[in-house]
Amino acid sequence: MPDLVSPAARGFGVTFRTMFKKVVTEQYPESGAQSKPRYHGRHQLNRWADGLEKCVGCELCAWACPADAILVQGGDNSEGERFSPGERYGRVYQINYLRCIFCGLCIEACPTRALTMTNDYELADHTRDSLIYEKQDLLAPLLPGMAKPPHAMVPGTTESDYYAGNVAGAVPEQFGQGE
Amino acid sequence: MTLAPETSDLISVEIDGVEMNVPKGTLIIRAAELIGTEVPRFCDHPLLSPVAACRMCLVEIEGNPKPQPACAIELTPGMKVRTQRSSEVAEKAQQGVMEFLLANHPLDCPVCDKGGECPLQNQAMSAGRAESRFDIPKRTFDKPVPINSEILLDRERCVSCARCTRFADQIAGDPKLELLERGAKQQVGVANDEPFDSYFSGNTIQICPVGALTSSSYRFRSRPFDLVSTPTTCEHCASGCSLRTDARRGEVTRRLAWHDSDVNEDWNCDKGRFAFTYLSQDRITSPMIRENGELRVASWPEALDVAARGLRSAQGSTAVLTGGRITMEDAYAYAKFARVVLGTDDIDFRARRSSSEEAAFLRSSIAGDCGPTYADLDKAPVVLLVAFEPEDESPIVLLRLRAASLRRGLRVVALSPIASRGLEKIRGEWAAIAPGADANALHALAQGGGDVPNGASIAQALRQPGAVILVGERIADVSGGPSAVAALAAATGARIGWVPRRAGERGALEAGALSGLLPGGRPLDDANARAQVAQVWGVDVADLPISAGREAAAVVSSAAAGGLGALVVGGLEPRDAAQPAAMRRALDNAGFVVSLETRRTEVTDHADVVLPVAVVTEKSGTFIDWEGRRRPFARVFGDALMMSDGRVLAMLAEAMDSSIGRGDVKSLRTELDSFGPWTGARSAVPSDSAAVVQTGGPHLVTWRLLLDEAAMQEGEPNLAGTRRRTVAVVSAATAASLGVAAGQQVTVTGPAGSVSVPVDIGSIVDNAVWLPSNAADCAIASLGVAPGQPVRVSGGAA
């Protein structure tokens with residue numbers, strides 16, 4: 001007569017042992033799933049420490065994009081209306097998430113580290129329109145210590161100081177200009 | 001590519017082992033091109049003199065201890081040259097030069113306007129090494145530095161090839177750009193007190209082989225590989241330059257001079273290069289009709305219906321003013337529309353100062369004729385300029401005259417009350433005449449010289465074969481002038497080149513958009529001509545107007561008096577008219593005005609129906625330049641919805657139960673071509689007697705500067721920055737008699753108004769004052785005085 005007990009015991013043994021292991025199932029969407037830190041999620045347009053935008057409107061991201069998902073139109077900063085250090089800023093910035101394949105080539109192309117990727121992957125939506133992210137959707141939030149552009153550069157600095165990391169945060173006179 | 005000297009002496013040489021026979025004096029670099037070898041180069045330009053500044057084109061010449069620059073060395077019999085293709089020495093020399101050129105060149109190609117079309121970028125790849133041995137910090141300069149309002153200089157990128165400075169000096173004749181400093185500090189610069197206000201400055205941007213000179217208005221606008229390029233023709237003047245129009249996302253981003261060795265060679269003027277914002281500014285995009293005094297948007301069928309009813313009810317009392325900016329095809333549509341649909345011969349393309357005598361001159365001596373060409377100017381023994389200032393009124397003509405003058409001493413004589421800066425550039429001879437005395441002087445020249453300065457010699461020179469008389473549209477202001485030009489040409493055998501300012505005028509003339517003139521130069525009063533035209537148009541010859549209609553001036557005065565039932569107006573500016581006030585009254589008082597316009601203008605403000613039409617980027621077509629040469633251009637925006645004037649007129653004709661055909665560019669051109677040349681007699685040459693020069697105060701001399709307040713230059717602040725300073729010019733004696741000194745403000749007063757401008761002392765005849773016609777704060781039309789007439793000049797502001 002074949003032994004029916006020992007295979008069953010072996011099988012239930014697996015079940016029993018697993019009860020004492022760490023659970024890998026994630027209760028998404030009830031609880032948020034954490035991606036790995038280098039996950040290619042939604043893009044973000046970063047700011048300098050004083051709140052000015054890093055994007056200079058060079059369009060290299062748009063050129064690097066294999067899916068033609070990015071549209072950039074640069075604009076000229078003026079003394080009265082400055083969004084980024086230097087001459088140019090990204091006046092129009094759109095990423096079409098219906099097209100984006102999250103390859104990250106745009107991130108590699110960006111000369112000012114203005115464009116990076118967050119871990120946000122919750123991009124599904126109901127309409128096509130809402131999946132074209134505009135600049136205001138992509139801009140990094142203003143952290144404490146940042147002033148809302150447009151505003152002048154930190155007095156006494158040039159754009160090189162920004163690139164060299166010499167600007168640590170906004171100074172009082174930069175606040176209130178962008179309202 | 002021209003092989004420099006015109007000679008039949010061939011010499012035998014060897015390049016890269018290929019034996020070839022080339023004309024004596026050929027440069028190595030040109031000969032190498034013949035066998036498909038491109039020696040890398042920066043400073044070399046076929047139209048500039050060799051300078052060997054960049055050293056990039058080093059090649060090995062047998063018997064020479066060191067590599068030599070191919071761009072500056074002429075081949076000699078038996079010379080054996082080895083380029084980088086066959087010589088390691090040449091290749092290594094070129095790589096070495098490239099390493100030096102890049103030693104201080106910034107690595108900013110990704111954000112450089114030139115990146116993607118940069119000879120330095122390309123040749124660094126083809127003739128450079130991948131690794132540089134210079135790891136020291138690069139030399140830096142402040143940047144960008146404006147050279148003028150149109151051009152920004154990035155000195156770090158410059159390779160000191162001296163193309164821009166040579167262009168300014170040799171071609172444009174504005175030697176205001178120089179290489180300053182020495183060694184690593186060498187840089188292009190301008191003098192502090194001498195702005196680089198050349199009309200041709202934009203060309204330096206185009207010939208810069210690196211990104212050192214960039215355009216202010218194009219800066220960071222796009223990359224070359226983003227652009228869609230279309231070959232076009234410049235719509236700004238009658239020079240007929242070939243252009244390349246680059247567009248992106250439905251907008252023109254820049255225009256470049258395109259090579260056409262018969263016309264503009266490699267150059268164009270700043271107006272043609274930079275003035276294109278008007279193409280997209282406040283456009284009219286839908287038809288409009290006037291209701292209760294206000295224009296309101298209407299559908300095409302409604303607007304066409306209203307226009308058709310208005311025109312039909314005015315049948316028998318209608319006129320057409322086309323304006324001078326239209327293409328040949330559109331002008332032809334207007335010409336046919338007037339004759340076939342409106343049944344009138346009251347049509348004129350001249351929306352500027354004009355005269356009946358001028359019209360008769362155009363009909364008899366210009367229409368249907370191929371005049372002298374640019375090549376004829378190159379060869380001419382003498383060129384006489386009459387009522388024509390080439391630098392302002394047709395800049396490419398100036399470049400040609402200057403080139404011929406420098407190359408072989410072409411004699412250029414300007415019959416003018418003032419010796420202009422342009423005349424100085426062409427090293428021309430100033431035959432000074434009193435303002436308005438052109439006709440008398442021309443008659444004197446026809447009779448052997450008379451009292452014209454150096455007249456006998458000029459009269460004799462004009463009798464040589466190939467002599468050319470270039471006459472500008474301002475001759476219309478001189479009563480008896482056009483007749484005198486025709487008489488001088490008849491007496492001397494010199495050929496007449498009529499150089500209007502606007503690009504469309506010659507085409508309109510050929511298309512028959514002038515009363516008394518049918519397409520192809522056919523006189524209306526010739527029964528044969530009428531029969532030919534009736535046959536092509538498929539109408540009964542009896543339905544064609546039989547006698548010449550009224551010209552612009554008569555139409556305007558009739559309409560101003562309320563005697564005109566309806567007026568069809570193309571693109572014209574009332575302020576350009578001989579009498580702007582009368583033109584405005586005409587638009588007000590005409591029974592019904594249909595305006596075919598691209599933008600809101602004074603005409604549309606007065607129109608009963610406004611029909612929007614395409615600008616040059618939205619249609620194809622043909623301009624005819626002053627030579628009579630056809631200059632076709634392609635459509636830049638293939639998906640544009642706007643229709644050309646011809647197409648709109650065709651729809652309007654249909655709405656009036658008539659037809660001028662489909663009205664598209666191709667069918668209009670084909671139909672116009674089917675006329676063939678007119679072989680019958682031309683209408684009579686005018687023989688008006690020369691006017692008596694008026695006595696009295698200083699006489700007004702004026703013309704429109706190239707860069708001024710013109711409608712097609714709107715929205716271009718950078719271009720406006722290189723305008724000439726607005727000044728009145730008087731002679732030293734006149735200034736003394738008026739009691740003013742250079743720099744002081746003077747007020748010039750005419751019957752209708754006055755202008756106040758600073759005064760300058762210049763080479764101008766006594767008792768005359770020169771003013772720009774349409775400069776900022778200097779609208780001559782407001783004076784109410786014709787050129788050549790006396791004005792009052794007083795010191796001080798008004």
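Side-chain atoms are counted along with the backbone in the values below, which use heavy atoms only and exclude waters and symmetry mates. Numbers restart at 1 for each chain; the letters A, B, ... are given by sequence-line order, proteins then strands.
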**Message:** Using side-chain contact (heavy atoms from CB on, under 4.5 Å), reason through B/Phe220 and A/Val56 one step at a time and then give a plain yes or no.
**Reply:** CA-CA 10 Å; B/Phe220 298 141; A/Val56 293; over 6 Å; no

**Request:** Would you please test B/Val111 and A/Glu87 for side-chain contact (heavy atoms from CB on, under 4.5 Å) and show each step?
**Result:** CA-CA 12 Å; B/Val111 294; A/Glu87 273 182 67; over 6 Å; no

**Message:** Apply side-chain contact (heavy atoms from CB on, under 4.5 Å) to residues A/Cys58 and B/Arg223 and explain how you reach the verdict.
**Reply:** CA-CA 10 Å; A/Cys58 74; B/Arg223 298 203 169 78; 4.0 Å; yes

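Within a 6.0 Å radius of CZ in B/Arg249, more than 12 heavy atoms belonging to other residues, nucleotides or ligands are found. Within a 6.0 Å sphere centred on CZ of B/Phe100, other residues, nucleotides and ligands contribute 12 heavy atoms or fewer. Taking a 6.0 Å sphere around CZ of A/Phe16, one finds it holds 12 or fewer heavy atoms contributed by other residues, nucleotides or ligands. The environment of CD in A/Glu30 is crowded: more than 12 heavy-atom neighbours from other residues, nucleotides or ligands sit within 6.0 Å. No more than 12 heavy atoms of other residues, nucleotides or ligands shown are found within 6.0 angstrom of CG on B/Asp777.
Rounding to the nearest 0.5 Å gives a distance of 9.5 Å between CG of A/Asp76 and CZ of B/Arg221. Rounding to the nearest 0.5 Å gives a distance of 9.0 Å between CZ of A/Arg88 and CZ of B/Arg219.
A salt bridge links A/Glu59 to B/Arg248: at least one charged side-chain nitrogen sits closer than 4.0 Å to a carboxylate oxygen.
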